[in-house]
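So the structure is just underneath, and the comments pick up after that.
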2 protein chains.
Amino acid sequence: MTTMQDVATRAGVSAKTVSRVFNDDPNVSPETRERVQEALAALNYRPNMLARRFREGRDSAIGIAVPNIGDPFFATIIRSIEDRAVERGMVVFVTTLGQDATNEPARVERLMRRQISGMLIAPVSNDQSYLEQWGDETPIVFIDREPINFAADSVVVDDEAMARVATAHLIDQGHRRIGFVGDTTSLVTTRKRLDGYRAALQLAGIEPDDSLVSLDGSLLVFGYRSPADAVAQASALLSVDDPPTALFSSNAQCSMGLVRALHSLGRTELGFVSFGDFPMADALTPAVTVIDQNAEGLAELAGNVLFDAIDAPATRATPSVHSLPLHLIPRGSGEIAPASV
Amino acid sequence: MTTMQDVATRAGVSAKTVSRVFNDDPNVSPETRERVQEALAALNYRPNMLARRFREGRDSAIGIAVPNIGDPFFATIIRSIEDRAVERGMVVFVTTLGQDATNEPARVERLMRRQISGMLIAPVSNDQSYLEQWGDETPIVFIDREPINFAADSVVVDDEAMARVATAHLIDQGHRRIGFVGDTTSLVTTRKRLDGYRAALQLAGIEPDDSLVSLDGSLLVFGYRSPADAVAQASALLSVDDPPTALFSSNAQCSMGLVRALHSLGRTELGFVSFGDFPMADALTPAVTVIDQNAEGLAELAGNVLFDAIDAPATRATPSVHSLPLHLIPRGSGEIAPASV
DNA sequence: TTGAAAGCGGTACCAC
DNA sequence: GTGGTACCGCTTTCAA
């Protein structure tokens, strides 16, 4: 690899002068500049970025950690942040956390160790205390879920309120027996959505019934395991005494598997609302009513917060929670009146 | 930040000894080792990765460039490669190329400049000659599409053959008027799929009719613009003289928008095959028959090729094209007999 | 077993 | 306007 010294030798100048020319320092005479430029071109000089970053002491890269890149919600966030990063001449590391909370510290720290300029995390574990040792040198912003046991800015949505809106929407259509399907309650978002669901029921004078609630492992069953498992699980939920006439699915991955199962079972007449939009939701029969999670909006806000923190070093005030309002998109699946009982 | 020298001072040894302890070099006396370890822990020493990589002269990271992270096909590839990378203690840079071919060189070179260990590219432009200057130092593997004007290994599928299979499938169901919807023919994959489509027609004694072919901009219309535009475009395609009774969509992004439009138009009775599976394709009514692009398989093969190249430096023999067989998944949309004419 | 010195490639600082 | 020198943090080389 050609070094600045190689170029300097060829041009008959010092390495420092080559550095000046290469970095457009005005303090170079035109003749020298020309000679150096000729040498740069002739030797096809390209800077050793590793050396440069070493000198700078920080990598102009940002890290993004998400549960699952395949989820359109997270894919949108990555794309949006990457565009912002490119504008600023930065690059992006991506890492996947999966569903298993135990991977999170290792995967995130692998990036933090690299002295990146900033980190964006959509966490899956319930304890971010492992970040304590990193937070002082690297700005960290949380997206979709707030950190636990660690102080950092976060950009989230009001899960409880939106779950209330979704549930109330089904109640407004006349449903009284409404099921809840969600991932494990060890996720704070699931807990809040469950709270919102129960609050909406109680507000309508409906007694919450835990036999209508399917948690823990639902994401695995509906999102990752075989369609047959999903059908079995859905079937069981619909077979309880006084079965539900509507379902509220508390995340998009679950929704996709659950909707697929309902189609298999021929139970598409059920009321249905999904927390989180998903591909083709608007083309199904009936089209699926969703709470739009507004990934674009979240990503933009998170980008502002993160890049501001990068630009304003050592502000690190008390962390703030930025909450973004969401909207329900009625499409049909929520508007079907329940079979009269 | 604590340096090795800091630790050395505290332990009363030289920096080199700290290095030895930290890197598990056996040539350290137990007592010294203990003292150093105590100092390492006390000062919470963490190595400066920038310095280490600078010394090594190469970044143990791999870059991945894809047209669109939101496409489940590419998301799966990224996830798969990232898992492999993590096993090897590497990290992953991701960059998005978009549909616009002009971004590709800048976005890819931004990563190449960083002296990464390897690069995986699903290209969007028709000229990879810009990689000439990088290919010697960094292994590059292409996925989904072969490079043009540049010699490198690639992992692809037989687009022409699979497009023939898809089209023949529709012909077998009795369709004679079959439309083709695809992205711009400046993409080699689209050209090959169009060739396969025409070959299948001719094999069946059907004269290809360009009024049934919708290219250039279809991806934009069906994949990215408003649903209304998609409906209009689909409507136009279905309104030609002697209109099609079936459609072959040559990529998944197009398929999603096109299927949505067909549902809006109430034209779900059309025969339909998609090159590339997409989310919820199996839950639609009718479920959509697809050519499964086998992202997992492609990613695994590409990972093998790439990591082998990283491990066996300077082999760089004549590049080979690894082709992966695909399968058609019949689901219903291809099996509907055309309305009798 | 341990340490001193040199060097990776670039840039800041200070002379000239 | 230009060049010398030191230094970023770590590891290799060689000597003690």
So, are [X] and [Y] salt-bridged, with charged N and O less than 4.0 Å apart?
X: A:Asp59; Y: B:Arg114; value: yes
X: B:Asp100; Y: B:Arg107; value: no
X: A:Arg84; Y: A:Glu300; value: no
X: B:Arg79; Y: B:Asp83; value: yes
X: A:Arg46; Y: B:Glu109; value: no

Closest nucleotide among [options] to the [X] side chain:
X: B:Ser14; options: C:dG3, D:dG3, C:dG10; value: C:dG3
X: A:Met4; options: C:dT11, C:dG3, D:dT11; value: C:dT11
X: B:Arg20; options: D:dG3, C:dT2, D:dC10; value: C:dT2

Please give, in whole Å, the distance from [N] [atom2] to [X] [atom1]?
X: B:Asp25; N: C:dG3; atom1: CG; atom2: P; value: 13 Å
X: B:Arg114; N: C:dG10; atom1: CZ; atom2: P; value: 16 Å
X: A:Phe22; N: C:dG10; atom1: CZ; atom2: P; value: 9 Å
X: A:Leu40; N: C:dG10; atom1: CG; atom2: P; value: 11 Å

Check your understanding: Between C:dT11 and A:Ser19, is there an OP1 or OP2 to side-chain N/O distance shorter than 4.0 Å?
Key -> yes

Review point. Side-chain N or O of B:Thr17 less than 4.0 angstrom from OP1 or OP2 on C:dT2?
Key: no

Review point. At their closest point, which heavy atom of A:Val86 faces which heavy atom of B:Arg110, and how far apart are they?
Key: CG1-NH2, 3.2 Å

Review point. Using a distance-only test with no angle check, is there a side-chain donor-acceptor pair under 3.5 angstrom linking B:Gln128 and B:Glu104?
Key: yes

Point to revise | Nucleic acid contacts - residues 41-62 of chain A versus DNA chain C, non-hydrogen atoms under 4.0 Å | key: A:Tyr45, A:Pro47, A:Asn48, A:Ala51, A:Arg52, A:Phe54, A:Arg55

**Study point:** Nucleic acid contacts of residues 26-36 of chain B, taken as heavy-atom distances under 4.0 Å to DNA chain C
**Key:** B:Asn27, B:Val28, B:Ser29, B:Thr32

Review point. Does B:Arg53 reach the main-chain N or O of B:Ser60 with its side chain, forming a donor-acceptor pair under 3.5 Å?
Key: no

Review point. Is there a donor on the side chain of A:Lys16 or the base of C:dA12 sitting less than 3.5 Å from an acceptor on the other?
Key: yes

Study note, to complete from the structure: Rounding to 0.5 Å, atoms CZ (A:Arg145) and OG (A:Ser125) come to a distance of 10.0 Å

